[in-house]
Amino acid sequence: MTRLLAALLLVLAGPARADPVTDSLFAEGIFSALPAGQEIHYAHVRNGPAAPEFLPVAEGSMVLARGGPEGLVLTMVADGRSRKLPEFPAGGGNPVLLVFLESVSRSMATLTGGSPFYIRNRIKDALRAGGDLDEVSQPLGAGTVAARVVTLHPFEADPNRGRMGDFAGLSLRFVISDSVPGHFLSLSADTPGAATGYHETITLMDDGKDGK
């Protein structure tokens, strides 16, 4: 678990405060006032080509809650098993983003045989550079909220994209809104091919609070 946390910090290191798009993704302190006992719920799905060590998630979930006085605890549930990650600082960004980016990096490395360090660094470069930004109205519960959609293509100009297969066309899409706890409505990673590609999505459940 210590290795996982270190990898997440490597993903985060560097891009923050580089670009308005990046600032939106890595906004800090958004859970500083999260009350004890309140939980933020996300649905999690991951699928892709069959491969050794690649772990699909059919109906997973993530639950974020206050841990210690200055910490947040993220519990991940998949295939009937749950595990808690080490505490994240409450004054930092949304831990779900870090877990998502690390999952994408590890999945791509597993499915392509590439270096997870190289993949993380290229994703960091894409975050530093910013991405495409669109303003949208997004459904939420019985209504809608104003949201921003950030789209990144981290490998579209990569000199090694010829060795990446479908992952050369990887797109990362983040739907964020100041109107919801944690700011993220969804985070998704997709390669070309609806049926044969790699697809991972983390989605806020309704308004997120206690899964309602």
Side-chain angles (χ1 to χ4, degrees), residues 8 11-12 15-31 34 38-48 57-64 72 74 76-78 88 92-105 107-108 122-156 167 169-194 197-212:
L8 297 180
V11 173
L12 178 58
R17 303 291 169 264
D19 176 90
V21 168
T22 304
D23 287 349
S24 294
L25 294 175
F26 287 95
E28 297 183 344
I30 53 179
F31 285 123
L34 183 69
Q38 181 174 315
E39 297 179 339
I40 310 300
H41 289 243
Y42 300 85
H44 180 213
V45 176
R46 178 172 61 227
N47 55 70
V57 177
E59 295 183 6
S61 63
M62 298 182 185
V63 181
L64 188 65
L72 299 169
L74 185 65
M76 303 179 67
V77 181
F88 295 84
N94 190 330
V96 170
L97 173 62
L98 302 183
V99 171
F100 171 76
L101 293 175
E102 178 60 13
S103 179
V104 172
S105 299
S107 295
M108 180 174 172
R122 297 296 75 75
I123 290 177
K124 283 202 301 181
D125 291 343
L127 289 165
R128 286 194 190 100
D132 299 327
L133 178 64
D134 295 303
E135 304 285 339
V136 299
S137 181
Q138 189 75 9
L140 181 67
T144 60
V145 294
R148 302 178 297 281
V149 178
V150 177
T151 306
L152 304 174
H153 298 94
F155 303 105
E156 65 180 353
F167 277 91
L170 176 71
S171 64
L172 303 178
R173 185 174 185 268
F174 308 93
V175 183
I176 52 181
S177 173
D178 296 339
S179 301
V180 300
H183 292 187
F184 284 93
L185 286 160
S186 66
L187 311 90
S188 57
D190 298 280
T191 64
Y198 160 76
H199 308 284
E200 182 162 9
T201 304
I202 298 173
T203 308
L204 186 73
M205 295 176 64
D206 295 331
D207 69 357
K209 298 176 182 177
D210 302 317
K212 299 177 181 178

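Residues take their numbers from the sequence shown, with the count starting at 1. These numbers come from the heavy atoms of this one structure, side chains and all, not from hydrogens, waters or symmetry mates. Keep in mind that what you see is a predicted model, and the values were worked out from it rather than measured.
In this structure, Ser137 and Val145 have side chains that are not in contact, with every pair of non-hydrogen atoms separated by 4.5 Å or more. Side-chain contact check for Ile123 versus Leu101: some heavy-atom pair is nearer than 4.5 Å. When side chains are defined from C-beta on, Val175 counts as touching Gln138, because their heavy atoms get closer than 4.5 Å. Proximity of Leu185 to Ile176: side-chain heavy atoms (C-beta onward) are nowhere separated by under 4.5 Å. Under the 4.5 Å side-chain criterion, counting only non-hydrogen atoms from C-beta, Thr203 is not in contact with Leu187. For the pair Tyr42/Val96, a side-chain contact is recorded, criterion being any heavy-atom separation below 4.5 Å from C-beta on. Side-chain contact between Leu74 and Met62 is present, with at least one heavy-atom pair separated by less than 4.5 Å. Side chains of Arg122 and Phe155 form a contact here, defined as non-hydrogen atoms less than 4.5 Å apart.
Here Tyr198 and Phe167 bring their ring centres to under 6.0 angstrom of each other.
Nearest heavy atoms, Leu25 versus Phe184: O-CZ, 3.4 Å. In plain terms, the two heavy atoms of Val104 and Ala189 that are nearest each other are CG2-CB, 3.7 Å. Between Ala146 and Ser177, the shortest heavy-atom contact is O-OG, 2.7 Å. Of all the heavy atoms in Pro139 and Thr144, the pair that sits closest is CA-CG2, 4.0 Å.
Exactly one residue among Val149, Thr151, Leu97, Ile202 makes a side chain to side chain contact (heavy atoms under 4.5 Å, CB included) with Phe174. That residue is Leu97.
In this structure, the side chain of Ser107 engages the main chain of Ser103 through a donor-acceptor pair within 3.5 Å.
Distance check: Met76 CE to Ser61 OG gives 9.5 Å after rounding to the nearest 0.5 Å. Taken to the nearest 0.5 Å, the CG atom of Leu204 stands 11.5 Å off from the NE2 atom of His183. To the nearest 0.5 angstrom, Leu140 atom CG is 8.5 Å from Ser179 atom OG. Rounded to the nearest 0.5 angstrom, Phe88 CZ and Asn94 CG are separated by 9.5 Å. Here Leu170 contributes atom CG and Leu172 contributes atom CG; the two are 4.5 Å apart, rounded to the nearest 0.5 Å. The distance from atom OG of Ser171 to atom CG of Leu152, rounded to the nearest 0.5 Å, is 9.5 Å.
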Query raised in the report: Given Val150 and Asp132, is the side-chain contact (heavy atoms from CB on, under 4.5 Å) satisfied, shown in steps?
Result: CA-CA 6 Å; Val150 177; Asp132 299 327; over 6 Å; no

Report task. Dump the intermediate steps for side-chain contact (heavy atoms from CB on, under 4.5 Å) on Glu59 and Val45, then the final yes or no. Result -> CA-CA 6 Å; Glu59 295 183 6; Val45 176; over 6 Å; no

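Between the side chains of Glu200 and His44, at least one donor N or O sits under 3.5 Å from an acceptor N or O. Residues His199 and Asn47 have side chains that never bring a donor and an acceptor to within less than 3.5 angstrom of each other.
With respect to Asp178 and Arg148, a salt bridge is recorded, a charged nitrogen being found less than 4.0 Å from a carboxylate O.
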